[in-house]
Participant: 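Before anything else, here's the structure in question.
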Amino acid sequence: MIIPGAFLPPSVNADEVARLDFGEIVVETAILTPGQLEKAIEAITEARDRYLAHRPIHTILSSLDQVIALWLDPTSPLRRVAEEALPAATHLSSEMITHGLPAILEGYRKDHLLQVLEEELGDPLFLDTFRPRKFGRSRAYGPRLTTHILSGNIPALAAPSVIFALLVKSAVLVKSSSDEPIFPPLFARSIAEVDPELGRCLAVAWWKGGEETLEAIAFSRSDVVIAYGSGQAITSIKGRVQGRFIGYGHRLSFGVIGREALSDLEEIARRAAYDTSMFDQQGCLSPHLFYVEEGGAATPKGFARALAHAMDELHKALPRGRLSPEEASVIHQLRGAYEFREIAGEDVAVYAGEGMSWTVIYEKDPTFLPSCLNRTVRVKPVGDLGQVVQLVAPYAPYLSAVGIAAPPNRLLPLVDALGRLGVNRICPVGKMQHPPAGWHHDGRFQILDLIRWVDLEEDRGSA
Amino acid sequence: MGHALFEEVLAFLSDPHEGSFADLAVKVFDYQFRQNEPYRRYCEKREKTPSRVAHWKEIPAVPTSAFKELDLLCGPPEKVFLTSGTTQGAEKRGRHGFPRLELYQASLLFTFKTFLLPDRAKLRMVILTPPPEIMPDSSLVHMLEVVRKELGASGSGYFVGEEGLQFERLITGLTNASETGEPLFLLGATFSFVHFFDRCLEQSLRFHLPPGSRVMDTGGSKGRSREISADELYRLCRELLGIPDTFVVNEYGMTEMGSQFYDNSLRNHVLGVHEPRYKVGPPWVRTVVLDPELLEEVPPGEIGLLRHYDLANAGSVMAIQTEDLGRRIGSGFEVVGRARGAEARGCSLALEELLTLR
């Protein structure tokens with residue numbers, strides 16, 4: 001199957017083509033010359049000035065809602081193409097794509113987007129006109145052009161990025177990841193199908209990461225650059241962006257199970273297995289490890305066993321995707337090392353799924369350790385929930401979400417301590433991979449970080 | 001080791017025409033099952049006991065990572081080798097002991113002679129590693145010392161000291177050989193060759209070593225020097241030393257294994273055999289190529305993880321699951337890469353990035 005990898009204005013005729021080979025799926029995408037990229041940027045920013053800059057926010061919301069509705073419809077052609085093609089690129093299983101794609105996208109329905117606008121701006125109409133504030137009136141203006149440099153681990157990552165940029169009436173240039181160049185152009189097409197005017201303000205291109213000439217052009221024309229990727233990639237891009245830069249680097253998440261939650265062992269294990277298995281643990285919200293409090297109805301090791309059982313059950317419905325030889329070898333070697341440590345008398349245990357389908361490692365030593373991922377999760381005991389903070393402190397700059405199962409009176413002190421450390425999101429176990437649209441990704445704002453405010457102070461004539 | 005079994009294995013190593021690998025492998029497994037307690041428990045968990053293992057392919061293989069965690073031995077070792085410290089520094093070092101070093105030595109010399117000295121008894125050796133006094137735990141250095149003692153002509157020696165490569169001494173040695181016409185045998189880690197060649201290039205030095213000169217490199221250049229391909233190494237040996245490609249032989253071995261594998265190029269050249277270059281080991285080793293996920297054999301020619309069954313490991317564990325990727329070729333295999341240090345994709349934190357934090 002051949003999929004177009006670019007979504008470009010009709011005025012841009014890129015003749016050189018790159019073929020990104022994913023086996024059964026080949027993505028054919030344009031290789032842009034600097035001149036062609038300039039032309040694309042010109043076209044979308046001009047379209048933005050003409051069609052988008054003055055459009056009422058409610059009409060944009062309506063169109064975007066129709067786009068999401070399209071994607072939530074399992075019979076829609078673009079959704080079907082995505083479902084067929086994404087497993088080859090992401091290495092996630094078909095079942096995971098079919099389950100995960102709508103799970104992500106349903107969070108961006110109109111009601112949710114409206115809530116984000118209201119939450120962050122107070123009044124969405126700030127984007128349309130001058131509205132009263134405590135100090136006179138103000139209006140919010142979005143960027144003329146935003147450039148989005150995407151990573152490839154989670155499918156549909158493009159959606160929220162593009163959606164929020166369109167909401168603030170920005171022209172959007174997306175650079176797809178080499179690992180997943182399939183969804184962004186499909187998403188752009190779906191927008192163009194529903195709303196041709198919006199479609200004219202979008203471009204999706206691909207170039208090799210670090211292509212400095214093309215990136216220099218994109219960055220110099222952009223008011224805001226948003227990038228997702230490794231710490232190295234973020235640092236490199238940041239250094240070359242003159243305007244506003246928003247970088248989402250690598251992150252770590254983990255879970256905490258309070259002793260009370262162990263009374264319903266099967267249920268809590270099921271939820272923890274879900275958090276761990278979604279997207280094969282490849283997301284920044286995926287838990288690397290669960291700390292389990294001692295003194296509950298089940299021991300931490302008992303939780304590990306229950307988690308193993310739940311992982312196995314889940315694997316049947318939501319199979320793990322393909323592993324590279326490296327990924328498979330790392331898991332095998334890890335299992336071997338722990339198995340021999342157990343034989344040597346250490347307090348560890350390995351629970352392994354058939355093949356390399358999943359691995360749960362119980363380890364008494366509470367030192368925090370990152371996982372090699374692909375459904376490899378550690379379970380470690382703590383005497384008390386509060387001990388967790390010290391244990392994760394060395395990783396503070398990298399912490400993202402913590403899934404916690406604990407009653408409110410014990411949750412809040414822990415949350416405060418974790419928040420101070422740098423954690424940005426605390427949620428129930430089982431919900432880690434489904435943040436609401438308005439979540440403070442890395443503690444930031446979805447809308448406010450994109451806009452600038454203009455204040456109007458009027459003569460009251462009362463002097 | 002049970003005296004009888006030891007004698008049997010040693011006899012096989014000394015003359016591989018006697019006996020059969022398959023029979024001996026099963027006997028060695030039985031011995032290891034009884035004498036190597038951690039290994040026995042590993043096998044029992046898998047229900048692979050001697051009564052149930054009829055074929056050597058069923059012998060449970062131990063991942064190389066296990067050697068970092070505990071001693072896997074059938075008896076007290078005469079010598080223990082340690083893996084070199086990795087780029088990750090704080091990581092534990094693997095250790096592999098030999099209760100009977102004689103097995104290691106017999107295997108080493110047979111295979112080395114077969115593939116590196118099929119045409120002559122001895123050669124003057126120029127060794128590009130530190131001597132054993134400086135690196136007593138290295139299996140590579142120990143191997144080169146054995147080889148130097150048994151097969152090195154007079155004047156053989158080490159050319160790396162505490163401070164590093166002894167460049168001037170090397171230049172002198174190579175220049176002399178070019179003049180006297182005595183062929184040289186250079187041996188060492190690939191990265192040492194890279195360092196040496198880089199300095200030669202800086203100083204525009206070239207040598208024309210006499211015919212019969214040869215190179216044995218091992219270990220690859222990753223992480224320790226700029227990376228070079230095999231082709232680039234051949235080119236540099238040709239241009240800077242005057243040594244033809246066929247006489248540049250790569251060794252593939254590991255601390256966890258007693259036997260070694262070599263490129264067949266030199267031996268084939270001497271015997272007049274025309275074959276692609278690939279790795280071959282001694283007759284007491286078998287290698288299988290496995291699907292990384294299922295750990296089942298892949299069709300010949302397909303890439304997979306290498307697993308070795310080595311009788312020279314009779315005193316420890318004979319079946320080793322490596323992290324090396326390769327494919328079968330001819331009567332041996334080609335090593336394609338290492339399956340280590342997998343990077344997480346996208347925004348979840350890369351393991352390597354995190355480990356450098358600590």
Side-chain angles (χ1 to χ4, degrees), chain A residues 90-91 150-154 157 177 179-180 228-232 248-253 279 281-286 288 322-346 354-357 369-374 394-395 397-398 400, chain B residues 36-46 60-72 92 94 290-296 298 303-307 317 320-326 336-358:
Chain A
T90 60
H91 293 189
L150 301 181
S151 68
N153 56 316
I154 304 293
L157 184 69
S177 158
D179 289 334
E180 200 289 83
Y228 305 81
S230 69
Q232 225 181 3
Y248 295 112
H250 281 162
R251 288 288 177 267
L252 261 191
S253 294
F279 304 121
Q281 224 180 355
Q282 300 284 348
C284 58
L285 299 172
S286 303
H288 286 232
R322 274 201 327 250
L323 289 181
S324 70
E326 289 80 5
E327 290 170 319
S329 180
V330 163
I331 294 173
H332 181 67
Q333 295 283 336
L334 186 76
R335 287 174 172 185
Y338 272 98
E339 216 184 315
F340 275 98
R341 284 168 62 181
E342 186 183 4
I343 287 172
E346 223 186 290
E354 220 179 82
M356 305 293 155
S357 51
L369 286 172
S371 163
C372 61
L373 308 178
N374 293 302
Y395 295 89
Y398 293 88
S400 182
Chain B
N36 185 337
E37 213 216 299
Y39 182 58
R40 175 173 65 252
R41 291 176 56 189
Y42 185 77
C43 296
E44 280 169 341
K45 264 177 103 176
R46 286 154 176 72
V62 171
T64 47
S65 58
F67 288 83
K68 294 190 185 110
E69 305 299 339
L70 77 178
D71 291 317
L72 285 162
K92 295 180 266 199
L290 305 173
D291 173 273
E293 249 191 271
L294 303 170
L295 296 178
E296 284 165 7
V298 297
I303 293 181
L305 288 171
L306 299 175
R307 175 183 291 182
V317 179
I320 304 291
Q321 179 57 56
T322 74
E323 298 172 273
D324 299 319
L325 288 169
V336 158
R338 294 219 65 180
R340 242 198 349 164
E343 270 239 355
R345 311 170 87 206
C347 65
S348 190
L349 201 48
L351 200 52
E352 301 241 349
E353 203 175 318
L354 269 175
L355 288 169
T356 57
L357 259 193
R358 290 158 73 198

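Only heavy atoms go into these numbers, but all of them, side chains included; no hydrogens, no water, no symmetry mates.
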Participant: Which heavy-atom pair separates A:Ala337 from B:Ser65 by the least distance, and what is that distance?
Facilitator: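 Answer, listing the atom of A:Ala337 first, then B:Ser65: N-OG, 3.6 Å.
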
Participant: Which heavy atom of A:Ile343 sits nearest a heavy atom of B:Arg41, and at what distance?
Facilitator: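 Heavy atoms of A:Ile343 and B:Arg41 come nearest at O-NH1, 3.0 Å.
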
Participant: Is it the side chain or the backbone of A:Glu339 that comes within 4.5 Å of chain B heavy atoms, both, or neither?
Facilitator: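 Contact with chain B: side chain only.
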
Participant: Heavy atoms, side chains only, cut-off 4.5 Å: are B:Leu295 and A:Met356 in contact?
Facilitator: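 Sidechains of A:Met356 and B:Leu295: in contact.
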
Participant: Partners of A:Tyr338 by side chain to side chain donor-acceptor pair (under 3.5 Å), sequence neighbours excluded?
Facilitator: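 Checked A:Tyr338 against side chain to side chain donor-acceptor pair (under 3.5 Å); matches are A:Glu363, A:Arg378.
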
Participant: Measure the spacing between CD of A:Glu326 and CZ of B:Arg338 and express it to the nearest 0.5 Å.
Facilitator: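 Between A:Glu326 CD and B:Arg338 CZ, I get 11.5 Å after rounding to 0.5 Å.
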
Participant: Which bit of B:Gln321 is near chain A, if near means a heavy-atom gap under 4.5 Å: side chain, backbone, both or neither?
Facilitator: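 B:Gln321 touches chain A through backbone and side-chain heavy atoms alike.
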
Participant: What's the separation between atom CD in A:Gln333 and atom OG1 in B:Thr322, rounded to the nearest 0.5 Å?
Facilitator: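 Rounded to the nearest 0.5 Å, the CD-OG1 separation comes out at 7.5 Å.
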
Participant: Are A:Ile331 and B:Glu293 packed together at the side-chain level, in the sense that at least one heavy-atom pair is separated by less than 4.5 angstrom?
Facilitator: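 A:Ile331 vs B:Glu293: side chains apart.
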
Participant: Is it the side chain or the backbone of B:Ile303 that comes within 4.5 Å of chain A heavy atoms, both, or neither?
Facilitator: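 Neither part, no heavy atoms under 4.5 Å.
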
Participant: Identify the two heavy atoms, one from A:Phe340 and one from B:Ala66, that lie closest to each other, and give their separation to 0.1 Å.
Facilitator: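 Reported closest heavy-atom pair: CD1-CB, 3.3 Å.
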
